[in-house]
Number of protein chains: 2
Amino acid sequence: MSAPVRKRTRQGEAVLRAVQASDGFRSAQEIHAQMRAAGEAVGLTTVYRHLQLLADDHVIDALHLDDGQIAYRFCTTDHHHHHVVCRQCGTSVEIDCPDIGDWAQRAARRVGFAAPTHRVEVFGTCPECQTGA
Amino acid sequence: MSAPVRKRTRQGEAVLRAVQASDGFRSAQEIHAQMRAAGEAVGLTTVYRHLQLLADDHVIDALHLDDGQIAYRFCTTDHHHHHVVCRQCGTSVEIDCPDIGDWAQRAARRVGFAAPTHRVEVFGTCPECQTGA
DNA sequence: GTTAGTGCAAATGATTTGCAAACAG
DNA sequence: CTGTTTGCAAATCATTTGCACTAAC
């Protein structure tokens with residue numbers, strides 16, 4: 001086995017750039033479409049592969065949508081945090097709250113559960129979408 | 001159109017009973033398999049349809065798993081609450097925490113998002129699974 | 001030259017839907 | 001009877017994988 005050496009490729013960088021360019025959660029399909037629209041020649045498969053790779057490296061965040069799709073987002077902060085996601089446009093804002101982590105840990109322990117992890121997702125309508133359509 | 005009259009059927013009740021009998025989140029497929037194993041003659045399609053129906057009526061809770069499946073759980077309490085779900089066996093315990101709701105509302109409003117809703121999922125290993133295998 | 005990355009086409013797997021037969025009211 | 005519900009098979013659809021090929025190092 002050994003550490004798989006990662007090569008620097010045009011497509012790989014393009015995918016990362018595309019996610020960073022988005023201001024909210026975007027599905028793999030959307031990111032691919034956006035790249036094609038921007039003139040990038042990339043296969044859908046490759047986009048999926050890089051997205052998973054980046055998520056594994058914790059460079060981006062993965063979020064499972066209600067309709068079964070997976071949405072990704074580039075995160076600037078590397079400490080634990082959550083997001084408020086706009087139901088309409090997908091724009092997201094990072095929010096910070098140390099209390100939640102503590103609460104989750106305590107709540108889980110209280111009922112005898114070990115190694116608790118948590119996932120918090122807050123959805124709402126962003127300022128943009130409230131005004132416009 | 002008009003309100004579609006809901007008829008009482010053997011299958012419909014069997015599905016509800018099956019979900020109530022489970023002590024944790026179970027996927028539609030698992031519930032179907034369990035019913036078949038119990039001798040119930042029910043089609044997979046029908047199980048899916050009733051599960052959706054029950055979720056729409058808020059009789060049961062729907063949870064999107066990381067692997068893409070949808071898990072359902074029967075909830076006894078009707079006020080706002082969350083669950084701690086066991087990673088191994090799926091058993092879940094209801095936990096209560098009014099603070100989370102407040103926090104989510106405030107956090108969302110603070111960044112200008114309207115009509116916030118939230119979803120909190122805490123995962124851990126239950127006492128059973130810590131001891132046993 | 002080796003090894004990792006690419007991308008098309010085909011496979012997967014959970015969920016949905018079309019539709020004719022079975023059933024509740 | 002009349003409108004629902006059922007359930008099989010076929011359709012969807014996002015995501016994954018097989019594999020021959022190209023690009024990195």
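So you know, we letter chains A, B, ... as the sequences are listed, proteins then strands, and number each from 1. All of these numbers come straight from a predicted model, not from anything done at the bench.
- Taken to the nearest 0.5 Å, the NE2 atom of B:H64 stands 11.0 Å off from the NE2 atom of A:H64.
- Interatomic distance, B:I31 CD1 to B:F25 CZ, rounded to the nearest 0.5 Å: 10.5 Å.
- Rounded to whole Å, atom P of C:dT16 lies 12 Å from atom CG of B:L53.
- Looking at the side chain of A:K7, the nearest of the listed nucleotides D:dT15, D:dG7, C:dG5 is C:dG5.
- Under 3.5 Å, the side chain of A:R49 and the base of C:dG7 form at least one donor-acceptor pair of N or O atoms.
- Side-chain nitrogen and oxygen atoms of A:Q11 include at least one within less than 4.0 Å of the OP1 or OP2 phosphate oxygen of C:dG7.
- Nearest nucleotide to the B:Q29 side chain, out of C:dA14, D:dT15, D:dG7: C:dA14.
- As a whole-Å value, the separation of A:R8 CZ from C:dT6 P is 12 Å.
- Straight-line distance from the NE2 atom of A:H64 to the C1' atom of D:dT15: 11 Å, rounded to whole Å.
- If you take CG on B:D61 and NE2 on B:H82, they are separated by 10.5 Å, rounding to the nearest 0.5 Å.
- Among the atoms of the strands shown, none is found under 4.0 Å from any heavy atom of B:E30.
- Relative to the side chain of B:R6, the nucleotides D:dT6, D:dT5, C:dA14 differ in distance, and D:dT5 lies closest.
- Atom pair B:E40:CD and D:dT6:P shows a separation of 12 Å (rounding to whole Å applied).
- Note: CD1 (A:I70) to P (D:dT15) measures 5 Å, nearest angstrom.
- Backbone-only contact: A:H50 has heavy atoms under 4.0 Å from sugar-phosphate atoms and none from a base.
- With C:dA4, D:dT15, C:dT15 as the choices, the nucleotide that has an atom nearest any side-chain atom of A:V5 turns out to be C:dA4.
- Atom CG in B:L54 sits roughly 12 Å away from atom P in D:dT5 (whole-Å rounding).
- At C:dT15, one or more side-chain N or O atoms of B:Y48 fall inside 4.0 Å of OP1 or OP2 (strictly under the cut-off).
- In plain terms, the two heavy atoms of B:F123 and B:R87 that are nearest each other are O-NH2, 3.8 Å.
- A:A71 comes within contact range of no nucleotide atom at all, as no heavy-atom separation falls under 4.0 Å.
- With rounding to the nearest 0.5 angstrom, the OG1 atom of A:T46 is 9.0 Å from the CZ atom of A:R10.
- In this structure, B:R10 atom CZ and D:dT4 atom C1' are separated by 15 Å, rounded to whole Å.
- Taking atom CD of B:E13 as the reference point, atom C1' of D:dT6 lies 15 Å away to the nearest angstrom.
- Base contact: A:T45 has a heavy atom under 4.0 Å from a base atom.
- Remark on DNA chain C: of its neighbouring residues B:T9 and B:Y72, the 5'-side contact belongs to B:Y72, judged by nearest-heavy-atom nucleotide.
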